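Note: hydrogens, waters and symmetry copies are ignored here, and every other heavy atom, side chains too, is used. In this text the structure is predicted, and so the values were computed from the model without any measurement. Chain letters run A, B, ... following the sequence lines, proteins first, then strands; residues in each count from 1.
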2 protein chains.
Amino acid sequence: MDGQTALDTDAARPRVNNRRAGILNAAAYRFRRQGYAATTMRDIASDAGMLAGSLYYHFKSKTALLIAVHEEGVRRIADAVDSAVIAADPADPWKRLEAALAAHLNSLLDGGDYAQVVIRDLPADEPELRATLIKLRDDYEDRFRALVDALPLSNKQDAGWLRLILLGAANWSKTWYRPDGTPPAEIAAHFIRIVKNGETPGSTT
Amino acid sequence: MDGQTALDTDAARPRVNNRRAGILNAAAYRFRRQGYAATTMRDIASDAGMLAGSLYYHFKSKTALLIAVHEEGVRRIADAVDSAVIAADPADPWKRLEAALAAHLNSLLDGGDYAQVVIRDLPADEPELRATLIKLRDDYEDRFRALVDALPLSNKQDAGWLRLILLGAANWSKTWYRPDGTPPAEIAAHFIRIVKNGETPGSTT
DNA sequence: GTCTATACTCTGATAGAC
DNA sequence: GTCTATCAGAGTATAGAC
């Protein structure tokens with residue numbers, strides 16, 4: 001039906017990515033539901049429609065698979081947050097932060113498997129892997145640093161604590177969030193309202 | 001040497017607890033550092049000075065071991081928090097909450113292995129185990145419900161959100177806390193200050 | 001390039017000697 | 001109460017057929 005073979009320049013790798021994406025999807029699906037340690041290469045291979053050994057053609061190891069899923073997850077959350085911030089009112093720093101937080105929460109709570117894997121506790125038994133994963137997350141969270149720094153706070157020192165409270169409360173929300181309860185955007189609004197009223201006593205009255 | 005056999009009423013179990021405690025300590029130590037899945041019964045047995053098979057005389061399974069560690073961990077955190085609340089000013093609900101949060105943070109961050117195991121992500125692959133563990137934690141967190149309900153909030157609806165923000169931020173702190181940084185009690189004070197100023201605009205000025 | 005077959009190690013758990 | 005011996009299964013990874 002198509003002329004695939006005609007596209008086979010060695011610089012491009014169109015078909016390989018299909019396979020890679022399928023494996024990555026399967027890995028994300030399993031890691032999210034079972035956790036990294038409890039997921040077997042046979043599980044992932046089965047979901048991807050191949051046998052365990054075949055995975056090693058595409059990924060060097062189970063660890064490499066986890067890192068790839070994390071990278072993709074962070075990328076997706078970051079894209080969602082960036083889009084939300086761009087769409088938000090440039091003149092209102094609090095609204096911009098709230099938009100970012102809402103997008104962050106939405107990704108974690110209702111997002112796909114990739115986003116959820118990022119938020120799970122990191123495997124503590126492999127220090128090198130752990131360092132790689134933490135670096136990925138920290139780079140992402142830097143954009144929240146910029147957002148809270150832009151806030152008109154009465155005490156500039158509070159920016160750091162504000163970031164930690166907001167991000168911490170958000171990341172922990174996966175333990176109590178219910179799909180039929182308060183939606184992510186509303187959760188973000190509540191969070192922001194409570195910390196905001198404390199920081200800008202003049203602007204709300 | 002001793003008259004142990006004379007104490008052998010079936011209601012008491014004095015000698016068994018010694019061995020049990022040693023095994024539990026070893027399990028907590030390993031679970032904290034390696035996580036549940038990556039810890040083997042052989043690891044625990046080795047630390048406890050026995051062989052793997054011998055563990056099964058004291059505990060039915062690896063799962064039973066994890067539950068026992070969780071129970072002990074929750075009990076220790078709860079005791080620390082209760083003591084702190086009792087020692088706090090009965091007339092100042094905010095101070096009481098801050099004292100509880102400080103004790104909670106201190107247990108998680110500088111506490112022993114038991115407390116740290118409780119805060120780690122739960123094994124997702126065993127639904128029944130997960131439910132048991134979540135119930136343990138929820139029962140503990142109920143005391144924070146009482147503490148925030150006692151707060152003189154301008155909007156009583158905020159009590160629930162306040163609890164979620166504080167506990168979430170606290171539980172997430174293990175990912176950024178550094179032993180040589182801000183101590184737990186100060187972290188608690190910062191957290192409380194930021195959310196408090198937002199909720200009692202009249203009482204601080 | 002992709003998959004089958006398989007190697008080898010380690011896991012949680014059991015049975016029975018002591 | 002602890003140990004020895006062992007099991008059946010699952011783990012990651014490789015070699016080589018196709």
Side-chain angles (χ1 to χ4, degrees), chain A residues 2 4-27 30-31 33-69 123-126 128-129, chain B residues 1-2 4-5 7-8 10 12-28 30-31 33-69 123-126 128-130:
Chain A
D2 54 7
Q4 270 186 6
T5 48
L7 297 172
D8 260 332
T9 59
D10 55 0
R13 46 206 185 297
R15 290 158 309 139
V16 172
N17 282 339
N18 287 336
R19 228 61 180 95
R20 244 189 89 99
I23 293 171
L24 231 44
N25 281 338
R30 290 287 186 165
F31 289 161
R33 282 166 182 75
Q34 310 175 344
Y36 174 71
T39 298
T40 75
M41 294 298 265
R42 284 174 176 88
D43 289 338
I44 297 169
S46 163
D47 290 355
M50 62 182 68
L51 291 195
S54 309
L55 293 176
Y56 290 85
Y57 172 75
H58 301 277
F59 293 91
K60 181 176 137 286
S61 68
K62 192 187 178 188
T63 297
L65 213 34
L66 177 61
I67 291 175
V69 170
D125 50 319
E126 296 181 55
E128 211 171 323
L129 168 60
Chain B
M1 288 278 215
D2 53 7
Q4 271 187 5
T5 47
L7 296 172
D8 260 332
D10 53 1
R13 49 209 181 294
R15 293 158 305 139
V16 172
N17 282 340
N18 286 336
R19 228 59 178 96
R20 246 187 87 100
I23 294 170
L24 232 44
N25 281 339
R30 290 286 187 166
F31 288 162
R33 283 166 181 76
Q34 309 175 345
Y36 174 71
T39 298
T40 74
M41 294 299 267
R42 284 169 178 85
D43 288 337
I44 298 168
S46 163
D47 291 354
M50 63 181 66
L51 292 194
S54 309
L55 292 177
Y56 290 85
Y57 174 78
H58 301 277
F59 292 91
K60 181 175 137 284
S61 68
K62 190 185 178 189
T63 297
L65 214 36
L66 177 60
I67 292 175
V69 170
D125 49 321
E126 296 181 54
E128 210 170 322
L129 169 61
R130 190 182 168 82

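With hydrogens and angles left out, the side-chain atoms of B/Thr40 and B/Asp43 include a donor and acceptor closer than 3.5 Å.
Put simply, the side chain of A/Asp47 never gets that close to the backbone of A/Ile44: no donor and acceptor are under 3.5 Å apart.
The interatomic distance linking A/Tyr57 (OH) with D/dT12 (P) rounds to 21 Å, in whole Å. Separating the CG atom of B/Leu51 from the P atom of D/dC3 is a distance of 5 Å, rounded to the nearest angstrom. Between the CE atom of B/Met50 and the P atom of D/dT2 there is a distance of 5 Å, rounded to whole Å. Atom CD in A/Gln34 sits roughly 13 Å away from atom C1' in D/dA10 (whole-Å rounding). When rounded to the nearest whole Å, the span between CG of B/Asp43 and C1' of C/dG12 equals 12 Å. Rounded to whole angstrom, the span from the CG atom of A/Leu66 across to the C1' atom of D/dT12 amounts to 15 Å. Here D/dG1 presents its C1' atom at 10 Å from CD1 of B/Ile23, a figure rounded to the nearest Å.
Regarding contacts with the backbone of D/dT2, a side-chain N or O of B/His58 is found under 4.0 angstrom from either OP1 or OP2.
Here the CZ atom belonging to B/Arg20 is positioned 8.5 Å from the CG atom belonging to B/Leu65, to the nearest 0.5 angstrom.
For the pair A/Lys62 and A/Phe31, the cation does not sit on the ring face, since its NZ or CZ is not both under 6.0 Å from the ring centre and inside 45° of the axis.
Considering only heavy atoms from C-beta on, A/Phe59 stays 4.5 Å or farther from A/Leu66 through its side chain.
Closest approach of A/Met41 and A/Ser61 over heavy atoms only: CE-C, 4.3 Å.
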### Query
Base, backbone or nothing for each nucleotide of nucleotides 13-18 of chain D, written B, S, -, heavy atoms under 4.0 angstrom, 5' to 3'?
BB----

